[in-house]
Amino acid sequence: MFSVLMGLPLLFSCQDQLWEEHYGKTTTESQQNAMEVLRQDGHFTKFCALLEATGMDSVLQSAQTFTIWAPTDQALSNYTLDEHTVKQLIKNHVSRFVYGRNDLVDTASMRIQMLNGKYHWFERQGSALRFAGIDFMQKGIPAKNAIIYPMDALAPFLYNLWERTAGGPDTDSLYSYLSGFDTYTFMPTWSTPIGKNKYGQTVYDSVFDYRNDWARRFGFVYLEDSIYTMIVPKNNAWVEAYSRIEPYFKTFGRLVADNSSTSSIIVRRTYQTEDAIADSIARAHTKEVLVQDLVFRKVFDVNQVDGDSLFSSSGNVFHHPSYLFESSSPVEASNGRYYLVDKLLHKPIESWHKPILVEAEQQSGRAFNYASIVNRSAVETVFVDSVSGLSYLEVNPTSTNALFQPQVSFDIPNVLAATYNIYVVCAPPQAYDSLAAEEVTKLQFYLNYVHADGSMKEDAAIRSMDGVDFITNGRGMTRFLVAKNFTFPFANYTTSPFSETDKQTVNVKIRIMTNVRAAETAVYNRTMRIDYILFEPVTKESNE
Amino acid sequence: MNKIAKIVALSIVLRMGSSVWAQDASQKDTYVDTTRVENQDDVQVTGVVIHAATGKGVLGASVWFEERSVLTDEQGSFSLSVPMGIRTSLRVSMDGFVDRMVEIHTKRLREPLEIRLFEDFFVSIRERNDLFKRSDALVLDDEIGLRMSGSVRSIRRSATSAVGSNMFIRGYQSLNANAQPLLVVDEVIWDQPAGKYSIHDGIQLSALTSLDVNDIESVEIIRDARSLYGSKGANGVLSIKTNRGREKATKIDFDMVLGMSQQPRIPSVLDAEDYRIYISELLKGSPEASALSSEFEGYLDLDPNGVDYKRYHNNTDWNELVFQNGNTQRYGLRVQGGDDMARYAISVGYTQATGTVVGTDFSRLNARINSDIDLLDRVRVASDIYFTQVERELRDDGVNERTSPSYIAQIKSPFLLGYAYTTDGKGLTNNLEIVDDFGVSNPLYLQEYARGQHNQYRFGIGVTPEWDFHPNWTLSSRFSFYIDNLKEHYFSPMDGVSPVYIEGKGTSYNTVKDQTALQSSLFNDTYVSFEKQFDRLHSLQGSMGFRVFANRYDYSVGIGHNTGGNNLFNLTTGLDFIETDGALEKWNTASLYGQVTYVYDRWVNLWSALTTDASSRFGEASSGSVSLLGGNWGFFPSVGLMLDLKQSLPQLTQEVELLRFRSSVGLSGNDDLSGIARYGYLSPVTYLGNAIGKEVGNLANQRLKWETTSKWNSGVDVGFWDGRMVLQVDVYKHVTRDLLTFQRAPLLSGLDRYLTNAGSLSNKGYEFGLQLIAYNGERFKWNAGLNVGHYKNEILELPNGDYVTEAYDAELLTAVGQPASVFYGYKTKGVFASSEEAEAAGLVKQNLNGTYSRFAAGDVHFVDQGDGKTSLDGETVIDENDRTIIGNPNPDVYGTLSNTFQLGAWSMEILCTYSLGNDVYNYQRRTLESMSALHNQTAAVNNRWRYEGQVTDVPRAVYGDPLGNSRFSDRWIEDGSYMKLKNIRLHYQLPITASFLQGASVWAACSDIYTWSRYLGSDPETSVSGSVIYQGIDNGLLSAGRSFSLGVKLNL
């Protein structure tokens, strides 16, 4: 044993050697960087030349990791050097990080972002692998800072939706509008002060934050990592749509005074609006709605939309939407698909000329007189499905004098210079209390708006339609058509997705008052139960 | 080769043996005057004493028979009258030579004796007390590790100056209680309070730090069944004796040592370029990946003109900044002397060392006065007084990514600098960089601002009167008192140290800790001893007495966070998340003990010892105890037999000089219980961060008691060829019952567990010692020694069945039939080189949401243990059922190998230690090769799997390691076998003699010279804790580089 232990050191390998084996670099083939490997290989002479020409060779020598989907000389045999496309081509074949088959064990495909920001699909089909739709050899060539897959074809380069809009000569109307939302904000906290100029002001290695409010609201079509379907109107489509939509937003531009004295609850008002401002408001709203329904999330088959309805990124719903796309065919973009159209086919009623519904129980824009009001819930009655918004407004008289009948007025926002059928819907007392006795009342309505002559006033009372008084149903819901095909001469559109507060005041109002004479009180009650007011657009289609 | 010497250095063997008697008897002899008594029945024994190397007679050697002695003449001849017909031994002594005991039987004497004396160079390496006088060790542990490794498995804690070693004698006699041997210094027990710890990470406290190695005269290891220390002796005993004045002549020794320690050898980490490639690859799955996929900014910036480019493009070797060459200086002055009345030994020493981690140091000032005074004819008083002051500056050590500079140096990004650039990125400033982008601290901040003070003061005083009140009886009483005062202060700076979230509290940006601990101990040991030779055949020796031992341990620890600045380092009430801890613990032990040794006809030696212990730590209803005098007494008997077969077997050939058989059996205990462990008590608890309430802190258990270890030991000592070779073999079996283990507490108690005595374990093993006089020439001499130790630890019984303990991200299994705390994890079969290989294996891991992830090319191939669990697709699920035992931290054998040479005035000592067959869990390497975070890694990760078909043993780098490639597996379990060329000492006796200078010598030593090992960490000899369950774990504590010492010793 003694001699065994004396010779013990011989039993161990030298620790230095084991350390060298473990901590040393044992794989010699991967000690070259990607450029060295590419140059040495011999199949990538053209690709190497392009890399050198564009200065990308220094990037591929750097201490980073890349996956290079390297086009072979064969893949580049038909390529002729073009300054405009060469950078797109090179960065379109290089991605950061190391990718390989082991990334596709739990998924059949993944999107890989290239150095140009574009994504390509990396897919597995059985045991075959494809990159950007091209089969390639799975066992890549290792380099110290990369793995290189020889590609016998070029990966397609696609513009994204924004680049297509910006780059196309036929879409500059749209692009000039959308790019108007670009903002570049200097970010002092991200920027590094790098010294002072001769005026003693701090000079920064400046960082700006790019922001486009339209894209924020309707879809980041300039980014590569989300996918959209986009309708891109050509210039002629833009012009046509603009001229078609603009009348809806015709805004009155002079002094407006409300001189109506018939109402005790609508105060005397004046508005000062310049013509130019009125025009610009009209233009702004027209363009806003023109582009609000161009973007849809994801890509889809327009003929096979789930539920036959499609949400645009504004939230508007289009039923059986294939008509929107029918004049054009889809074109692939790097972040989705677009349809270049000669005409925008959105139905006004689904896009900008939409029904206006004012719930009576909403307090905003509401005024009342000779009345006490209370919101009633229909949740516990059989009317729960009939009453809009589950509750209605109950207006009770505070006087038995017929001169002081209860009345309530509502602002109607966003009325366009267009034609509406105006409805008022009332609920019966049983909508709140199932055991309530039948109550019937008779109503009259007043419309207050800017008239064609510029005067803002209240029209005479509307007391009947087609010769029938507005008498409520004592036991059921009543829907009064208050005005048929009523055309407003001017738009009173007040909202914008890009401004937080309304710039204009609502100037379209409807006043509702009971119309029960002293002699009629035995038959009619003076309590009103108003559920909602509906301004329903009248379009050519609806007339047809 | 010269004529082979044929004399056994018997005294060595006698001391190595188990007999108290032998040692006491030999000490007694030095005080007995020589007288000549001759009877008619006597027979003249004649012989010649010769120098073993030269073959010439030795003039003036004393030949003793009991109290008779003669001196040899010029030819070395002697003649001594000895009674007829008895077995006896002659003792031969001579200055400069090893004492000899020569066994004779006067009846059988036919021819003159030829007694060869070996020069004292041949004292075995473990017995060479003079080596303590020229040791480069700062603490005794290191010397024990060097010389006694076969008897004490000694594993160095770390290379921090003088932190010592964890020591285990004959396996592990406990699971949860202290497993370190009992320290007895000058026969006073140095008790270690349970749970005494340092507030500095990676530092283990040791009482031995306060002993200067130069003050030590001898160390005896009690390994066998002798139950002298009752309920404290189960782990074995290190009995240390300090220098005492022996002679009347005044001796003044001055020595000086200068030393230098090189920085440790550390596995290389990635350089800046490789590291940048590594992180750029690892970022793939990170939250930053999508933002980075087409941008190059920050630390991945490619533009040399970029503002931050210089900041992120350096190549810093952090090890160079964190480590340095340490140095040591030590000075000692010792004076011994006396007169007819009194003898004294006075020593003063000062040691100063700077550590190999920048900012760490150690200093020790020690003074000791030992005196022995003969007051009256039969009354003596021995007194000791000593004082030691140890001061250290420490930094956290081990795997600690926030505050351990030596570890941070490994994980810190090499492309960063410790100093900051100007904001325009053009000029370097002298401001220290703060925490980097990867959340790693700046080690330079820790050097500059951190504090790690550790101050320990020990003072002791002892008085021992002795009275020979009868020719055969002596009364002795030892009074001793000592205090050990510890003060520690810890501070990590506010900046430059990565913040950490403290669960349930908040973020800590820096930490202050303070500890004061005061231990005091009052000790009395009073006994009568007797010695009686009845006739030529029978003799009896024994003692009985009592020991009382009163201890007090008072400590308080305060921890606070967020001081608000790098220079605000005090613990104040305004800090966040303040925690305090402390206790005043008192415990008392009383022992009644007795021992008796009966010798028949010189060859039968039968001894017996009994200790009964009562301790305030024991419960009132502890089983196996007797209630008496207000205490509960445990009984620890032992009995032993030694047969000197050389004496009784005349037919043994002359070649066999010595044949002795030893056996002992007995009980001893382990009383490592906290003083309050047996009581039920309430602990304060904060409620909703505001109110303070109390909850049950412990369940009363009055049955709680010591752990009982029964020991059986047998051994044989054989000497051949007159002592050229001496063999010593011991076999033993220890069984420990009533283990202090945790039992599940009743649900309603609100506690998880409570301490109880249940379960058992055993240790079986052997120890083998060999001393060889390999060459004994006139000028050249060679002495060799080998020690081998082996134990097999096995758990026999556990109260709640097998269990797994989690520590250092590992799972440690404690299971019946296995050694304590084996490594329990996954087995691996390399790394899948290709997708085909991975698909063929078809392994999956189930995720938390129930889905499965497949192991793919580049992942580790974990071995399925055949539990049959499959996924819905029929793939094999790798889960915790596939864990198995993957390693055992216990060695097969361990020990030392020593060679000493002498050539004229030069002597050289070469010491090797080894440990074979033990596994080490390389936790530090695991953290440096898991590739799951952005910390720097070892250069081994350059070999990580990166492409199809790559054959390697390092898996791919995946952010967050979703498949758990770095889980606790045999990847991190390494063969910790090693053989170390631990120490070479060269000594030269200067040929100077002058009236003022009696002798001068110089020596040089080199330590930790080379390690043969397959281990991939810095040092396979690593021990993170003295606790049994944490053995074999490498937490990356500071390892030793080579160190060199130069010493001068002057005898005035």
Side-chain angles (χ1 to χ4, degrees), chain A residues 1-2 5-6 8-15 18-19 22-27 29-31 58-59 62-66 91 95-106 112-118 127 138-148 192-195 203 205 224-225, chain B residues 267-268 272-277 280-281 283-284 289-290 292-294 296 300 302 306-308 423-425 768 770 772 784 786 788 834-835 838 851-859 895 897 914 916 938-940 942-943 946-950 952 956 977-979 981 1011-1016:
Chain A
M1 179 178 274
F2 188 75
L5 281 164
M6 289 289 279
L8 196 70
L10 303 175
L11 297 179
F12 296 101
S13 304
C14 178
Q15 196 184 14
L18 285 158
W19 276 37
H22 184 77
Y23 297 114
K25 294 170 185 175
T26 53
T27 47
E29 74 271 31
S30 61
Q31 289 315 299
S58 66
V59 174
S62 66
Q64 314 262 341
T65 46
F66 303 100
K91 290 192 172 179
S95 64
R96 274 188 112 135
F97 312 126
V98 173
Y99 291 95
R101 183 164 158 186
N102 52 6
D103 290 298
L104 295 178
V105 290
D106 292 324
I112 295 179
Q113 192 169 27
M114 301 291 113
L115 288 188
N116 60 359
K118 303 290 174 188
S127 61
Q138 294 178 20
K139 190 177 174 189
I141 307 166
K144 182 178 177 178
N145 61 344
I147 183 96
I148 299 162
T192 313
I194 53 174
V203 178
D205 178 43
E224 298 282 349
D225 51 3
Chain B
S268 55
E273 181 176 348
D274 288 339
Y275 172 68
R276 200 187 313 275
I277 292 174
S280 77
E281 184 175 327
L283 281 168
K284 180 177 169 186
S290 67
L292 278 170
S293 30
S294 56
F296 295 91
L300 296 179
L302 291 176
V307 168
D308 287 336
T423 48
D424 62 4
F768 172 88
L770 172 68
L772 189 69
L786 168 70
V788 183
S834 66
S835 295
T851 59
Y852 291 96
S853 294
R854 291 181 177 84
F855 286 88
D859 287 325
L897 184 62
Y914 63 89
L916 301 179
T938 74
N942 274 329
N943 295 325
R946 294 171 71 241
Y947 58 93
E948 283 285 333
Q950 184 182 355
T952 176
R956 58 185 174 146
S977 301
Y978 66 85
M979 168 109 184
L981 178 52
T1011 304
W1012 290 270
S1013 173
R1014 302 183 63 82
Y1015 188 61
L1016 294 173

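Residue numbering restarts at 1 for every chain, and letters A, B, ... go by the order of the sequence lines.
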Do NZ/NE/NH1/NH2 and the carboxylate oxygens of E273(B) and K144(A) come within less than 4.0 Å?
yes

Among S268(B), A272(B), P267(B), which residue has the highest count of heavy-atom pairs closer than 4.5 Å to chain A?
P267(B)

Best-contacting candidate, G895(B), S853(B), A838(B), against chain A by heavy atom pairs under 4.5 angstrom:
S853(B)

Under 4.5 Å heavy-atom distance to chain A, tell me which part of [X] shows up: side chain, backbone, both or neither.
X	value
L283(B)	both
F855(B)	neither
L302(B)	side chain

For F66(A), all residues meeting ring-ring contact (aromatic ring centres under 6.0 Å, His included), sequence neighbours excluded:
none

Which residues pass the salt bridge (Lys or Arg N to Asp or Glu O under 4.0 Å) test with R101(A), not counting sequence neighbours?
E836(B), E839(B)

Identify which of D103(A), I112(A), L104(A) forms the greatest number of heavy-atom pairs closer than 4.5 Å to chain B.
D103(A)

Determine whether the side chains of Q64(A) and R96(A) contain a donor N or O and an acceptor N or O closer than 3.5 Å.
yes

Answer yes if the side chains of E948(B) and S835(B) hold a donor-acceptor pair under 3.5 Å, and no otherwise.
yes

